[in-house]
Amino acid sequence: MNALATTTPALPEKFANPLLQLKGFMAQPAVRRSAPMALMIGLIAAAALAWMSLSTPAQKTLFTGLTDADKQAVTSALDQSGIKSHIDEGTGALTVGEEEYSKARMLLAGQGLPKQAPGGYAILDQLPMGVSRAVEGERLRQARETELARSIEEIDAVAEARVHLATPEASVFVRDSAAPSASVIVKLNAGRSLSDAQVQSIVNLTASSVPGMKPDGVTIVDQSGGLLTKPGGRGGDGSDERIEFQRRLEDKYRTQLIQLLTPLVGAGNFTAEVQADVDLSEVQATRESYDKQGALRAETGNWTGDLKTAATPGGIPGALSNTPPPASTLEQPQPATGAPGTPVAGGPAPDPAKQSDSFQRAYDLGREVSVTRGAPGQVKRISVAVLLREPEKGRRSANEINQISDLVKSAVGFDQSRRDNVTVISRKFAGADAAPAAAAWYDNAWLPVVARNATAILIALLVLLLGVRPLAKALMAKRDEANAPAPVPAIDGAPGDGPAIVAGEPVTLDQLESSRGYDNRMTAVRGFTRDNPARAALAVRDMIKADAQ
C-alpha cells in the first residue's frame, strides 16, 4: 500500500520574509524619491507637536460636577475676560491654565458663579433602586449636611461652611440612647467676625434641623481653629463680656490718638498702643445702722411690798365686780431706780409699801439698711506708649515731644492720682532707609513661560538643523546630479586626428586647434566650454560678428 504524503506548499519568498518585502518596497524608485520629503514632513509635524505640547500651559481643575447652565455661564464669563478654559468630555471637569487659576477663581467669585453648587437633596434623586438601608441613611445624612451648610453660608460674614452630623442609631434601651451632635466649621470673609447673636443663631438652626439634638451638642469652629461656642453658653460667666469691654475701651483710646496725631505728624509716621487696667470686679456691700435713742415697746415685771402698811380691803363683798375699773394711767419709766424706799431725783416719791421690783423692758431702736453695688468698668490705670518716626533730616526737639505728650495726656484723660503713664519717644523706623529687597530672579512669574517657549524654540531649531537641513542638501545634490550633463567618455581618435581628449581633464587652446576628426573636435569644444564659459561666450560673439560682416 502506498502511503500518501501530504506536503505544505511553500509560501512565496516575499510573503515569507516581511523584512525583504519592506526592503523591496523601499527600493522602488518612486518611494526612494518621496522618502526624503516624507521624512521632512514628519520632522516638521513632530516639531509642531512638541511646540504645541510645550507652549500650552498645564491645566488645573477649576470645577467638577457643574450643571449645564453653570458650565455655560462660567465659560462665557471666562471667555469675556480672555481666560481660556477646557471641558473634559469624559469627566465633565472644567479646567483652566495653572497660571490663570487664581485669577479665574476671583473673577467667578465676584460674579457669584457658579450659582448652583452640586449636592443637597438632589443626590437623593440619584439613588438606584434596591440600595441598602445603611447606604440610604448615609446619603440622607450627607444631603442634610449639605443643606445645612448652604443655609449657614447665607450669613453675610460666612464665606464657606461645612457641617458634620453625628447621629447614633436608635436603641430600644433608654439608658443606651445617645443624643445626636453636630460640628460646624465656618470660613469667614476677610475682616469679618461673627457676633454672639449670630453664633447662637447657627447653634439653634443646626439643633432644630436634627431631631433630638440639643443646642449644647453643637460645636462651631472658625477657619483659624478658634472655638466660637463654649460649654454652658458663650461667655456664661461674663468673662467674655468683660474682656470685650476692656478691648473696646482700649480701641476707643487708640482711635482718639490716631485722629489726633495723624494731622500733626502724618499717617504712617507714628504708632500708638494703649493698655487700660480696668477694674472688672462687681462689688456688692450691705450695711445696717442703729439709732441710740429708742422707744419702749413692751414691759413686764413685778414688785413686793409691806402688807402692814398696805390698805386693807373694805366695802361690800362682791360689789367691785359691778363697778367699772378705774382709769389706767401710764407712768413714765424711770431711767434708774435706787433702793426700795430711796427717793430718785426727778422722779415721783417712792411708795412706802414697795420693797423691791423686777421688770423686763423691750425697746424699738432705729434701724437703717443700705446696699451698695459697684458696677464693673472703673479705670484703675492707663498706660500709653507713642512711637514717632524720626525725620529724615534733623531730630525732633524736646519741646515738640513734650507738646505731643501733653496732647496725648489730654486725649486719654491722664490722671496723676491713678498713676497713669504716658511715654512718647522719637526713633528711626526699622527698614525705613533700606530699599525693599527685590525678588529673586527664579521667583518671577515670567520665568516658567520663557523657559517653556525657549525649550520649544530649541527643539524646533534642532529639528531644522539636524533633520531638515541635511535632507534639503541631499535633495539639492540629487537635483544637481540629475541636471548635470552626462560625462563624455574619452574618444580615441584615429591616427592623424591629433591627441586624444580625456573626459574630465581641462582642455587647452592647443589641444582644441590640434584636434582632428569631428567627434574628437566636439569633445574638445565641450570640455573647453565647460572649463572656460566666459572665453567661450566671447568666441561665440566674435563668430556672430564675423558672419554678420
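Keep in mind that what you see is a predicted model, and the values were worked out from it rather than measured.
Using a distance-only test at 3.5 Å, with no hydrogens or angles considered, no donor-acceptor pair links the side chain of R144 to the main chain of V210. A side-chain donor-acceptor contact under 3.5 Å links Q246 to the backbone of A276. At distances below 3.5 Å, not a single donor-acceptor pair connects side-chain atoms of D88 with backbone N or O atoms of A93. Judged by distance alone, the side chain of Q275 and the main-chain N or O of S383 form no donor-acceptor pair under 3.5 Å. Not a single donor-acceptor pair under 3.5 Å links the side chain of S76 to the backbone N or O of A73. Between the side chain of Q378 and the backbone N or O of D279, no donor-acceptor pair lies under 3.5 Å. The backbone N or O of I401 lies less than 3.5 Å from no partner atom in the side chain of S405, so there is not a single donor-acceptor pair.
Distance check: S426 OG to R389 CZ gives 10.5 Å after rounding to the nearest 0.5 Å. To the nearest 0.5 Å, atoms CG (L388) and CG (L261) are separated by 7.0 Å. Here the OG1-NE2 distance, from T61 to H86, works out to 10.5 Å after rounding to the nearest 0.5 Å. Here the CD-CD1 distance, from E400 to I404, works out to 5.0 Å after rounding to the nearest 0.5 Å.
Around CZ of R418, the count of heavy atoms belonging to other residues, nucleotides or ligands within 6.0 Å exceeds 12. Within a 6.0 Å sphere centred on CZ of R162, heavy atoms belonging to other residues, nucleotides or ligands number 12 at most. Within 6.0 Å of CZ in R395 there are 12 or fewer heavy atoms belonging to other residues, nucleotides or ligands. Heavy-atom neighbours of K103 NZ from other residues, nucleotides or ligands within 6.0 Å: at or below the threshold of 12.
At least one side-chain heavy atom of L194 sits under 4.5 Å from a side-chain heavy atom of V158. No side-chain heavy atom of D79 sits less than 4.5 Å from a side-chain heavy atom of I83. Considering only heavy atoms from C-beta on, V221 stays 4.5 Å or farther from T229 through its side chain. F429 has its side chain within reach of L387: a pair of non-hydrogen atoms, C-beta onward, lies under 4.5 Å apart. Side chains of I382 and Y253 form a contact here, defined as non-hydrogen atoms less than 4.5 Å apart. No side-chain heavy atom of E390 sits less than 4.5 Å from a side-chain heavy atom of R427. When side chains are defined from C-beta on, I87 counts as touching T75, because their heavy atoms get closer than 4.5 Å. In this structure the side chain of P391 reaches within 4.5 angstrom of the side chain of R396, judged on heavy atoms.
Annotation for I258 and T262: closest pair O-OG1, 2.6 Å, computed over non-hydrogen atoms. R419 and R381 get closest at one heavy-atom pair: O-NE, 2.8 Å. Closest approach of Q59 and T95 over heavy atoms only: OE1-OG1, 3.3 Å. For A149 against A161, the heavy-atom pair with the smallest separation is CB-O, 3.4 Å.
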Checklist entry - Going through the distances and angles, do D216 and V203 end up as a side-chain contact (heavy atoms from CB on, under 4.5 Å)? => result CA-CA 8 Å; D216 295 340; V203 170; over 6 Å; no
Item to check | Test side-chain contact (heavy atoms from CB on, under 4.5 Å) applied to L205 and S151, step by step | outcome: CA-CA 9 Å; L205 174 65; S151 300; 4.1 Å; yes
Next on the checklist: What verdict does the salt bridge (Lys or Arg N to Asp or Glu O under 4.0 Å) test give for R150 and E153, after you've listed the backbone C-alpha separation in whole Å, the side-chain angles of each residue and the deciding distance to 0.1 Å?
Outcome noted: CA-CA 5 Å; R150 288 181 178 179; E153 289 175 357; over 6 Å; no
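Residues satisfying the salt bridge (Lys or Arg N to Asp or Glu O under 4.0 Å) criterion with E99, sequence neighbours excluded, are R452. Under the side chain to side chain donor-acceptor pair (under 3.5 Å) criterion, S81 pairs with no residue, sequence neighbours left out. For N204, the side-chain contact (heavy atoms from CB on, under 4.5 Å) partners are Q200, P215, not counting sequence neighbours. By the side chain to side chain donor-acceptor pair (under 3.5 Å) test, R141 is found to be paired with E138, E145, residues two or more places apart in sequence or in another chain being considered. Legend: residues meeting salt bridge (Lys or Arg N to Asp or Glu O under 4.0 Å) with E273, ordered by chain and number and at least two apart, are R254.
Partner of L257 under the side-chain contact (heavy atoms from CB on, under 4.5 Å) criterion, out of T271, L407, V384: V384 alone.
A donor-acceptor pair shorter than 3.5 Å cannot be found between the side chains of N399 and S397.
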Taking distance alone, no hydrogens or angles, what donor-acceptor pairs closer than 3.5 Å link side-chain atoms of residues 179-189 to residues at least two apart or in another chain?
from	atom 1	to	atom 2	distance (Å)
N189	ND2	D156	O	2.8

